[in-house]
Amino acid sequence: MGYTGAVVPAGPSDVRELGTATLRKAAVSTMHNNVYLLTCTATGEQLMVDAADDPGRCLDLVAEGTGRLDHLVTTHQHWDHVRALEEVARATGARTYAGEDDADALPLPPDVRLRHGDTVRVGELTLDVVHLRGHTPGSVALAWRAPEGRTHLFTGDSLFPGGVGNTKNPGQSFESLYADVVERVFDVYDDDTWFYPGHGDDGTLGAERPHLGEWRERGW
């Protein structure tokens with residue numbers, strides 16, 4: 001059976017072979033947070049997106065790959081995405097990254113503060129940093145373009161199948177998040193782009209693009 005992206009806490013990882021990269025996806029915690037591991041097949045370097053919870057499971061995910069963790073990116077500051085950050089970083093020695101405007105709110109200050117337009121190198125892979133404001137001030141997404149042309153986009157809690165992330169709490173802004181998601185994601189990447197959110201199943205931009213007007217009208 002091929003990759004589906006459907007994972008559950010305490011369940012197995014789902015693995016997607018992407019030629020020059022291998023992607024592993026696991027779920028942790030009662031909030032079904034997704035943890036992603038991207039491996040450069042040429043060098044063995046690995047990047048984790050969101051050490052959200054259950055450090056043992058996160059480290060097991062690393063071991064399912066090459067056993068090393070070189071880079072650890074936190075997509076945003078919310079507590080449910082950082083509960084294993086310190087332990088995983090300490091156990092692996094990984095270089096840590098987060099959006100500049102969320103960095104000071106993290107339990108572990110990142111080694112690298114990311115800005116829109118930055119890149120993160122994972123062996124021979126280059127990921128573009130996309131700053132998406134509104135769910136948190138410093139939320140970031142990571143975009144990697146595979147050799148065959150499809151972009152793979154890790155969106156944290158800024159974009160899900162069915163809409164943008166939550167903006168109902170103080171300090172959040174639907175207008176800001178919607179504008180950034182449209183201008184920095186949908187206006188930049190094509191319909192083939194596969195995105196991987198912070199919770200739940202994956203999606204494609206092509207499936208969501210026809211609904212952008214509905215999202216704007218409803219305000220969430």
Side-chain angles (χ1 to χ4, degrees), residues 1-7 12-27 32-52 58 61-62 64-66 69-76 81 94 97-99 112 114 116-132 135 139-165 180-209:
M1 185 175 179
Y3 176 86
T4 67
V7 292
S13 308
D14 205 357
V15 182
R16 189 170 195 180
E17 298 293 347
L18 299 168
T20 57
T22 300
L23 174 66
R24 290 175 171 85
K25 178 181 180 180
H32 287 236
N33 289 84
N34 293 324
V35 181
Y36 299 98
L37 185 76
L38 188 68
T39 306
C40 172
T41 56
T43 66
E45 277 197 35
Q46 299 196 126
L47 174 145
M48 180 173 287
V49 179
D50 285 347
C58 291
L61 187 64
V62 172
E64 290 173 22
T66 61
L69 188 62
D70 305 272
H71 313 276
L72 176 50
V73 177
T74 299
T75 59
H76 63 290
H81 288 259
Y97 307 73
V112 180
L114 299 172
H116 184 68
D118 285 349
T119 58
V120 177
R121 290 276 299 179
V122 184
E124 296 182 359
L125 313 176
T126 300
L127 289 79
D128 296 320
V129 176
V130 184
H131 183 194
L132 300 172
H135 182 68
S139 289
V140 292
L142 296 173
W144 174 65
R145 187 174 179 86
E148 95 286 353
R150 170 175 269 176
T151 297
H152 298 266
L153 184 66
F154 302 91
T155 57
D157 283 2
S158 291
L159 177 64
F160 296 91
V164 299
D180 274 2
V181 165
V182 171
E183 294 169 11
R184 297 182 173 185
V185 175
F186 284 92
D187 287 354
V188 173
Y189 302 104
D190 61 25
D191 285 353
D192 241 7
T193 299
W194 195 287
F195 68 90
Y196 306 87
H199 307 261
D201 293 341
D202 309 341
T204 65
L205 296 191
E208 305 305 322
R209 193 181 302 275

Q.
Show, in sequence, the C-alpha distance, side-chain angles and deciding distance for T43 and T66, and conclude whether the side chain to side chain contact (heavy atoms under 4.5 Å, CB included) test is met.
A. CA-CA 10 Å; T43 66; T66 61; over 6 Å; no
Q. Backbone N or O of G19 within a donor-acceptor pair of the T41 side chain at under 3.5 Å?
A. yes
Q) What distance separates L142 CG from D118 CG, expressed to the nearest 0.5 Å? A) 10.5 Å
Q: Mind checking ring pair (Phe, Tyr, Trp, His ring centres under 6.0 Å) for H199 and listing every partner two or more places apart, or none if nothing turns up?
A: H81
Q. Does the side chain of V188 reach to within under 4.5 Å of the side chain of T193, using non-hydrogen atoms?
A. no
**Q.** Sequence-distant partners of Y36, ring pair (Phe, Tyr, Trp, His ring centres under 6.0 Å), two or more places apart
**A.** F154, Y196
Q | salt bridge (Lys or Arg N to Asp or Glu O under 4.0 Å) against D202, all qualifying residues, sequence neighbours excluded | A | K25
Q: Evaluate the side chain to side chain contact (heavy atoms under 4.5 Å, CB included) criterion for residues H131 and D180: first the C-alpha distance (whole Å), next the side-chain angles of each, then the deciding distance (0.1 Å), finally the verdict.
A: CA-CA 8 Å; H131 183 194; D180 274 2; 5.6 Å; no
Q. Are T20 and W144 side-chain neighbours, meaning at least one heavy-atom pair lies under 4.5 Å?
A. yes
Q) Within the side chain of T155, is there an N or O that forms a donor-acceptor pair under 3.5 Å with the backbone of S158? A) no
Q.
Quick check: closest heavy atoms across D201 and P197, and the distance to 0.1 Å?
A. O-CG, 3.1 Å
Name the atoms and distances for all side-chain donor-acceptor pairs under 3.5 Å in residues 119-130, with sequence neighbours left out.
unit_1, atom_1, unit_2, atom_2, d
R121, NH1, T126, OG1, 2.6
R121, NH2, G123, O, 3.2

Q: Check step by step if side chain to side chain contact (heavy atoms under 4.5 Å, CB included) holds for L18 and H152.
A: CA-CA 10 Å; L18 299 168; H152 298 266; 3.5 Å; yes
Q: Verify side chain to side chain contact (heavy atoms under 4.5 Å, CB included) between L37 and L69, making sure each step is shown before the conclusion.
A: CA-CA 9 Å; L37 185 76; L69 188 62; 3.8 Å; yes
Q: Calculate, to the nearest 0.5 Å, the distance between atoms CG and CD belonging to D70 and Q46 respectively.
A: 7.5 Å
**Q.** Qualifying residues under ring pair (Phe, Tyr, Trp, His ring centres under 6.0 Å), relative to F195, sequence neighbours excluded
**A.** none
Q: Check whether any side-chain heavy atom of L47 lies under 4.5 Å from a side-chain heavy atom of E45, and answer yes or no.
A: no
(Q) With a 4.5 Å cut-off on side-chain heavy atoms, are D50 and N34 touching? (A) no
Q.
If I take atom OG1 from residue T151 and atom CZ from residue R145, how far apart are they, to the nearest 0.5 angstrom?
A. 5.0 Å
(Q) Donor-acceptor check, side chain of E208 to backbone of G162, threshold 3.5 angstrom: yes or no? (A) yes
Q. Just by distance, with hydrogens left out, do T4 and D14 show a side-chain donor and acceptor under 3.5 Å apart?
A. yes
Q. What are the two closest heavy atoms between G198 and F160, and how far apart are they?
A. N-CE2, 4.1 Å
Q: For residues L61 and S13, report the shortest heavy-atom separation together with the two atoms involved.
A: CD1-OG, 3.4 Å
Q) Got a sec, which pairs hit salt bridge (charged side-chain N to carboxylate O under 4.0 Å, His left out) with one end in residues 186-197, sequence neighbours left out? A) R150-D192, D191-R209
(Q) Give me the atom names and distance for the closest heavy-atom approach of L38 to A21. (A) CD1-CB, 4.0 Å
Q.
Minimum heavy-atom separation for V140 and G99, please, with both atom names.
A. CG1-CA, 3.8 Å
Q) Under a 4.5 Å cut-off applied to non-hydrogen side-chain atoms, are H76 and D157 in contact? A) yes
Q. Taking all atoms of both residues into account, what is the closest heavy-atom pair of A143 and Y189, and its distance?
A. CB-OH, 3.4 Å
